[in-house]
Enquirer: 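I'd like to ask you about the structure that follows.
Here the structure is a predicted model, which means the values were calculated and not measured. Remember, it's 1-based here, ligands and their atoms both numbered in the order they're listed.
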Amino acid sequence: MLKNKKIVLCVTGSIAAYKSAYIIRLLVKQGAEVKVVMTESAKNFITPLTLSTLSKNLVYSDNFDKETGKWINHVELAKWADLLLIAPASANTIAKLANGLCDNFLCAVYLSANCPIVVSPAMDLDMYKHNATIKNIKYLKESNCKIIPAEYGELASGLTGDGRMAEPENIVSFIEDLFVEKKKLKKYKVLVSAGPTQEMIDPVRYISNHSSGKMGVNIANYFSELGAEVTLVAGPIEKLEIENNIKKIDVVSALQMKEQCILAGKESDIIVMAAAVADYTPSEVSKVKIKKKTDKISLSLKKTSDILYSLGKNKKENQILVGFALENFDELNNAIEKLKNKNLDMIVLNSINDKGAGFKSDYNKITIINKNLKKKSYELKTKKQVASDIVDEIIKLIN
Ligand code: CTP
């Protein structure tokens with residue numbers, strides 16, 4: 001079940017640190033790839049050599065390589081992970097994470113992670129039930145960390161009570177459940193369109209726009225991570241990381257995109273049109289390269305067919321149709337008009353006026369409007385995070 005899952009195990013200073021060796025063994029046995037981060041204090045309880053031998057990977061604990069002085073990239077490690085597991089999580093580390101402190105490598109990885117985070121506390125019983133710890137754990141929960149409650153039993157102090165780190169088997173089974181829960185769209189077929197279209201003028205020239213396809217690709221990837229069967233109809237886009245299970249159909253023009261979207265749309269439970277489809281295309285495509293004989297030339301353009309409108313007109317019962325609206329004036333009203341005209345269940349509004357967001361950027365700022373005209377505006381976020389916000393709202397529509 002954990003085959004090929006990339007897990008970063010963060011070990012902090014607690015007597016329970018010895019159990020991290022068992023956690024690694026169980027994870028590796030299930031096919032997961034594990035990289036370990038240790039705090040300095042954790043090394044008093046278990047050696048990096050033990051954990052690197054079991055994980056078959058280097059163990060990270062410093063921001064700099066002591067020998068070469070080279071910076072060690074905590075961001076890369078955080079982005080590599082499908083899941084961050086902090087086990088054992090000491091009271092000190094929990095307090096640091098809850099308050100956004102960043103005085104060691106582990107905290108830096110935590111603050112850079114966008115993947116699910118699981119925290120398994122371990123401490124003495126009075127520390128565990130102290131108001132400060134309760135408040136910090138509550139805060140981590142509100143920040144979307146999953147907490148595996150400490151278990152009851154004999155503690156290192158000789159006292160008996162709640163505070164023991166959950167047993168490795170329970171931690172691993174918690175993680176398995178999390179990945180199963182993540183497969184909640186297993187039965188769904190999803191169509192996502194992405195990128196620009198190119199409309200040929202002559203054999204060497206075309207009309208297009210600046211769409212990078214990043215938003216659509218991130219949406220497709222997130223649907224795929226949730227277990228959906230995804231078809232991605234993509235206009236000409238740069239090389240982007242696309243999940244292996246996704247069926248990618250490459251198209252160039254608006255007409256080709258329409259043909260493929262209508263075809264795949266018939267089979268789909270959810271359709272998200274994130275592509276920036278050209279609204280106009282040359283009335284005629286010159287078969288030969290147009291020569292620069294005159295000072296001025298005019299290009300006659302004709303309207304392309306609106307793919308989303310056609311999909312909305314032929315929408316199947318229970319099918320969910322989501323569109324985008326790119327606006328720069330009277331934004332909300334224009335988006336609502338598109339939502340109604342195109343028979344959508346939800347529209348994602350982007351404004352060209354938002355700084356930092358937009359076509360080539362890795363960031364986006366959106367407002368989601370559903371068909372009951374309920375609005376939700378979001379902060380500027382990475383396109384990956386925006387994709388998960390959009391998909392989460394779509395899941396609410398399904399439910
Ligand atoms: N769209 C489409 N087919 C087109 C044009 C747009 O399916 N020929 C889809 C886009 O993928 C997007 C939505 O319609 O999901 C809105 O696109 P947008 O460019 O914002 O609006 P338009 O409908 O093209 O209207 P206008 O350009 O006048 O704002």
Enquirer: In the protein, which heavy atom is nearest to atom 7 (O) of ligand 1, and how far is it?
Expert: Leu308 N, 2.8 Å
Enquirer: Short check: is a protein heavy atom less than 4.0 Å from atom 28 (O) of ligand 1?
Expert: no
Enquirer: Would you sort out whether Lys96 and Asn92 count as a side chain to side chain contact (heavy atoms under 4.5 Å, CB included), showing the intermediate values?
Expert: CA-CA 6 Å; Lys96 284 186 190 178; Asn92 184 38; 3.7 Å; yes
Enquirer: Using the rule side-chain contact (heavy atoms from CB on, under 4.5 Å), only one of Ile137, Ile117, Val118, Ile94 pairs with Cys145; which is it?
Expert: Ile117
Enquirer: Could you check atom 4 (C) of ligand 1 against the protein and tell me its nearest heavy-atom contact, residue, atom and distance included?
Expert: Val277 CB, 3.6 Å
Enquirer: Need the ligand 1 atom indices (1-based, order shown) with element for anything under 4.0 Å from a heavy-atom of Met273.
Expert: 7 (O), 11 (O), 12 (C), 15 (O)
Enquirer: Flag the pair Tyr139 / Leu97 as yes when at least one side-chain heavy-atom distance between them is below 4.5 Å, and no otherwise.
Expert: no
Enquirer: According to the interplanar angle, ranging from 0 to 90°, do the rings of Phe105 and His74 count as parallel (below 30°), tilted (30 to 60°) or perpendicular (above 60°)?
Expert: perpendicular
Enquirer: State plainly whether one hydrophobic cluster holds both Ile15 and Met165, where clusters connect Ile, Leu, Val, Met, Phe, Trp and Tyr through side-chain heavy atoms under 4.5 angstrom apart.
Expert: no
Enquirer: Ala325 heavy atoms, cut-off 4.0 Å: which ligand 1 atoms fall inside?
Expert: 20 (O)
Enquirer: With only distance considered, is Glu327 within less than 3.5 Å of ligand 1 through an N or O on each side?
Expert: no
Enquirer: Taking the basic N atoms (NZ, or NE/NH1/NH2) and the acidic carboxylate oxygens, is any pair closer than 4.0 Å for Lys129 and Asp162?
Expert: no
Enquirer: Which residue and non-hydrogen atom of the protein lie closest to atom 3 (N) of ligand 1, and at what distance in Å?
Expert: Ile307 N, 3.0 Å
Enquirer: Distance under 4.0 Å to a non-hydrogen atom of Thr304: what atoms of ligand 1 satisfy this?
Expert: 8 (N)
Enquirer: Among all protein heavy atoms in this structure, tell me which lies nearest to atom 21 (O) of ligand 1, with the distance rounded to 0.1 Å.
Expert: Lys338 NZ, 2.9 Å
Enquirer: Is Ala254 in contact with ligand 1, taking contact as a heavy-atom separation below 4.0 Å?
Expert: no
Enquirer: Taking the non-hydrogen atoms of Lys342, is any one of them nearer than 4.0 angstrom to ligand 1?
Expert: yes
Enquirer: Evaluate Gly323 for polar contact with ligand 1, using N/O atom pairs at a separation under 3.5 Å.
Expert: no
Enquirer: For side-chain hydrogen bond (donor to acceptor under 3.5 Å, both in side chains), just list the numbers for Thr39 and Asn104, CA-CA rounded to whole Å, side-chain angles, deciding distance to a tenth of an Å, and then say yes or no.
Expert: CA-CA 7 Å; Thr39 60; Asn104 64 25; 5.7 Å; no
Enquirer: Tell me which protein heavy atom sits closest to atom 19 (O) of ligand 1, plus the residue, atom name and distance to 0.1 Å.
Expert: Asp279 OD2, 4.5 Å
Enquirer: For the 3.5 Å polar cut-off, considering only N or O atoms, please tell me whether Phe324 and ligand 1 meet it.
Expert: yes
Enquirer: Check step by step if salt bridge (charged side-chain N to carboxylate O under 4.0 Å, His left out) holds for Glu229 and Lys247.
Expert: CA-CA 8 Å; Glu229 191 182 322; Lys247 179 177 170 199; over 6 Å; no
Enquirer: Could you check atom 11 (O) of ligand 1 against the protein and tell me its nearest heavy-atom contact, residue, atom and distance included?
Expert: Ala275 O, 2.7 Å
Enquirer: Could Lys146 and Phe174 be counted as a cation-pi pair, given that NZ or CZ must be under 6.0 Å from the ring centre and within 45° of the axis?
Expert: no
Enquirer: Does Lys315 come within less than 4.0 Å of Asp345, counting only side-chain N to carboxylate O?
Expert: yes
Enquirer: I'd like to check whether Ser193 has a polar contact with ligand 1, where a contact means an N/O of the residue lying under 3.5 Å from an N/O of the ligand.
Expert: no
Enquirer: What residue among Ile369, Leu321, Ile366 forms side-chain contact (heavy atoms from CB on, under 4.5 Å) with Ile347?
Expert: Ile369
Enquirer: Do any nitrogen or oxygen atoms of Ala274 lie less than 3.5 angstrom from nitrogen or oxygen atoms of ligand 1?
Expert: no
Enquirer: Under 3.5 Å, N or O to N or O, is Leu326 touching ligand 1 that way?
Expert: yes
Enquirer: Taking 4.0 angstrom as the limit, do Lys56 and Glu33 come out as a salt bridge?
Expert: no
Enquirer: Which protein non-hydrogen atom lies closest to atom 8 (N) of ligand 1, naming both residue and atom, and how far is it?
Expert: Ser305 O, 3.2 Å
Enquirer: Which ligand 1 atoms, with their elements, are less than 4.0 angstrom from a heavy-atom of Asp306?
Expert: 1 (N), 2 (C), 3 (N), 4 (C), 7 (O), 8 (N), 23 (O)
